[in-house]
Chemist: 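Structure incoming, see below.
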Amino acid sequence: PAAGGRSYVTGIFEDITARNPWANFGPQTTIWNQYVTAHAHPSLFRYTVGRYDWVPMLANAMPTPLEPEGELWHSAVRVREGFRWSDGTPVTAHDVAFTFLAITTLGANQLGGNFPSFAPEDLLVRVEAVDDYTVAFYLTRPDGRYNFGILMAPIFQRAFWEPHLEAALASDDPLGAIFDVEVTNEPVAGSFLYGTWERGSFINRPANPGFSSRGEREMLYANGAVRLVTEGLYDWTGYGEPVGDPELEVVTGPYVDDVH
């Protein structure tokens with residue numbers, strides 16, 4: 001735990017088996033891995049606390065409606081400006097497009113675990129970065145898996161993972177190579193860094209000092225409206241106009257210096 005700081009110390013019934021997200025979301029998916037590494041990577045959309053409204057996370061608004069474009073269906077998502085990785089670089093549409101390119105290149109079904117829902121091979125054709133903050137998705141048809149699978153996939157930093165993907169594809173075992181990448185220094189966008197994993201003993205995750213959603217207020221109203229506010233960065237309202245005081249307000253931390 002952090003010397004002289006505030007630590008949250010808890011126990012789990014099993015050691016984790018992976019922190020590498022390709023393994024963690026793939027063949028080594030376990031509830032314990034998810035507890036320990038949760039929210040290290042942003043997704044374009046997420047659910048609100050308790051009520052499970054589908055709302056933007058990395059996106060700055062709802063996706064455009066799916067529209068036919070030739071033989072495919074097209075939708076665009078704007079990425080929120082000001083959202084940063086833990087190394088201080090911005091999260092951009094290029095990270096989003098790279099993530100889906102990597103999944104489709106390695107093969108969602110071959111990766112296994114959650115990846116077939118993140119990039120269904122019968123549905124997702126390609127993802128393109130139109131500019132630094134606009135992502136275009138091309139699908140074979142309208143499908144609920146676009147909102148609740150593809151747009152909720154974890155996003156990985158292109159600068160860190162692109163060299164590892166190239167090395168993996170040049171190896172005799174691309175999947176094994178990508179699953180074995182050491183991620184201690186991988187930039188993340190969640191509230192805690194990867195920190196230290198002493199196998200069989202403990203995991204210690206220090207708080208991310210550059211966490212972009214620190215202080216975000218999530219306000220849920222009785223009439224169904226939702227408002228998300230990060231001072232100086234973001235203000236979004238959806239599902240109607242808020243009426244009265246929120247019935248639930250959640251303010252994002254972290255409120256401790258590390259989790260152990």
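It should be emphasised that the depicted structure is a prediction, and the values quoted were computed from it without experimental measurement.
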Chemist: Just by distance, no angles: are the side chains of Asn109 and Glu121 close enough, under 3.5 Å, to form a donor-acceptor pair?
Modeler: yes
Chemist: Is the ring pair Tyr47/Phe148 parallel, tilted or perpendicular, if the boundaries are 30 and 60 degrees?
Modeler: parallel
Chemist: May I ask you to check whether Trp54 and Phe45 place their ring centers less than 6.0 Å from one another?
Modeler: yes
Chemist: Which heavy atom of Arg214 sits nearest to which heavy atom of Pro209, and what is that distance?
Modeler: NH2-CA, 4.2 Å
Chemist: Using a 6.0 Å distance limit plus a 45 degree cone around the ring axis, check whether Arg199 lies over the aromatic ring of Trp197.
Modeler: yes
Chemist: Taking Phe156's backbone N and O only, do any of them form a donor-acceptor pair with Thr99's side chain (distance below 3.5 Å, no angle check)?
Modeler: yes
Chemist: Are a donor atom and an acceptor atom from the side chains of Asn114 and Ser117 found within less than 3.5 Å of each other?
Modeler: no
Chemist: Hey, quick one: are Val77 and Leu123 part of the same hydrophobic cluster, counting side-chain heavy atoms closer than 4.5 Å, chains of contacts allowed?
Modeler: yes
Chemist: Are Ile203 and Tyr35 co-members of a hydrophobic cluster defined by side-chain heavy atoms under 4.5 Å apart?
Modeler: yes
Chemist: In this structure, which one of Ile155, Thr92, Leu165, Val127 forms a side chain to side chain contact (heavy atoms under 4.5 Å, CB included) with Phe98?
Modeler: Leu165
Chemist: Is a salt bridge present between Glu218 and Arg46, judged by a nitrogen-to-oxygen distance below 4.0 Å?
Modeler: yes
Chemist: Under a 4.5 Å side-chain heavy-atom rule over Ile, Leu, Val, Met, Phe, Trp and Tyr, are Val9 and Trp32 clustered together?
Modeler: no
Chemist: Begin from the C-alpha positions of Leu124 and Ile103 and carry the test side chain to side chain contact (heavy atoms under 4.5 Å, CB included) through to its verdict.
Modeler: CA-CA 11 Å; Leu124 182 65; Ile103 295 172; over 6 Å; no
Chemist: Any chance the side chains of Thr89 and Gln157 put a donor and an acceptor closer than 3.5 Å?
Modeler: yes
Chemist: What is the minimum heavy-atom distance between Trp85 and Pro187, and which atoms define it?
Modeler: CE3-O, 3.7 Å
Chemist: Begin with the C-alpha distance, continue with both residues' side-chain angles, and end with the deciding distance and a verdict on side chain to side chain contact (heavy atoms under 4.5 Å, CB included) for Val226 and Trp236.
Modeler: CA-CA 8 Å; Val226 179; Trp236 178 87; 4.2 Å; yes
Chemist: Using side chain to side chain donor-acceptor pair (under 3.5 Å), reason through Thr184 and Arg19 one step at a time and then give a plain yes or no.
Modeler: CA-CA 8 Å; Thr184 298; Arg19 295 189 299 177; 3.0 Å; yes
Chemist: Under 4.5 Å between side-chain heavy atoms, hopping through other hydrophobics if needed: is there a path connecting Leu169 to Ile178?
Modeler: yes
Chemist: Under a 3.5 Å distance rule, please check whether Ser75 uses its side chain to pair with a backbone N or O of Glu67 as donor and acceptor.
Modeler: no
Chemist: Under the side chain to side chain contact (heavy atoms under 4.5 Å, CB included) rule, what do Asp87 and Phe160 come out as? Steps first, then yes or no, please.
Modeler: CA-CA 11 Å; Asp87 63 359; Phe160 179 87; over 6 Å; no
Chemist: Tell me the closest heavy-atom pair linking Ser86 and Leu193, and the distance in Å.
Modeler: CB-CD2, 3.5 Å
Chemist: Taking only residues two or more places apart in sequence, or in another chain, which ones meet Asn24 in a side-chain hydrogen bond (donor to acceptor under 3.5 Å, both in side chains)?
Modeler: Gln34, Thr37
Chemist: For Val79, which of Asn60, Leu44, Thr134 qualifies under side chain to side chain contact (heavy atoms under 4.5 Å, CB included)?
Modeler: Leu44
Chemist: Do Phe192 and Val256 make a side-chain contact, defined as non-hydrogen atoms from C-beta onward lying under 4.5 Å apart?
Modeler: yes
Chemist: Where do Gly200 and Asp15 come nearest, in terms of heavy atoms and distance?
Modeler: N-OD2, 2.6 Å
Chemist: Does a donor on one side chain and an acceptor on the other come within less than 3.5 Å for Ser7 and Asp258?
Modeler: yes
Chemist: Does the side chain to side chain contact (heavy atoms under 4.5 Å, CB included) test come out yes or no for Leu66 and Leu139, once each step is laid out?
Modeler: CA-CA 9 Å; Leu66 280 164; Leu139 311 179; 3.7 Å; yes
Chemist: Can you pull the ring pair (Phe, Tyr, Trp, His ring centres under 6.0 Å) pairs that have at least one residue in residues 116-146, sequence neighbours excluded?
Modeler: Phe25-Phe118, His74-Tyr138, Phe100-Phe137, Phe115-Phe118, Phe137-Tyr146
Chemist: For Arg205 and Val36, indicate whether the former's side chain and the latter's backbone hold a donor-acceptor pair under 3.5 Å.
Modeler: yes
Chemist: Side chains of Thr104 and Arg126 only: does a donor on one sit below 3.5 Å from an acceptor on the other?
Modeler: no
Chemist: Compute whether any side-chain donor of one residue and acceptor of the other, for Tyr234 and Glu216, lie under 3.5 angstrom apart.
Modeler: no
Chemist: Taking CD in Glu182 as the centre, count heavy atoms belonging to other residues, nucleotides or ligands within less than 6.0 Å. Is the count above 12?
Modeler: yes
Chemist: Verify the neighbour count for atom CG of Asp245: are there more than 12 heavy atoms of other residues, nucleotides or ligands below 6.0 Å?
Modeler: no
Chemist: Do His41 and Glu186 meet the criterion of a side-chain donor-acceptor pair at a distance under 3.5 Å?
Modeler: yes
Chemist: Same hydrophobic cluster for Tyr239 and Leu248, using side-chain heavy-atom links shorter than 4.5 Å among ILVMFWY?
Modeler: yes
Chemist: Quick check on side chain to side chain donor-acceptor pair (under 3.5 Å): which of Thr29, Thr30, Asn33 does Thr17 satisfy it with?
Modeler: Asn33
Chemist: Return the minimal non-hydrogen interatomic distance between Asn204 and His260, and the atom names on each side.
Modeler: ND2-ND1, 3.0 Å
Chemist: To check you understand the geometry: which heavy-atom pair defines the closest contact between Leu233 and Glu81, and what is its length?
Modeler: CD1-O, 3.1 Å
Chemist: I'd like to know whether CD of Glu166 has more than 12 heavy-atom contacts from other residues, nucleotides or ligands below 6.0 angstrom.
Modeler: yes
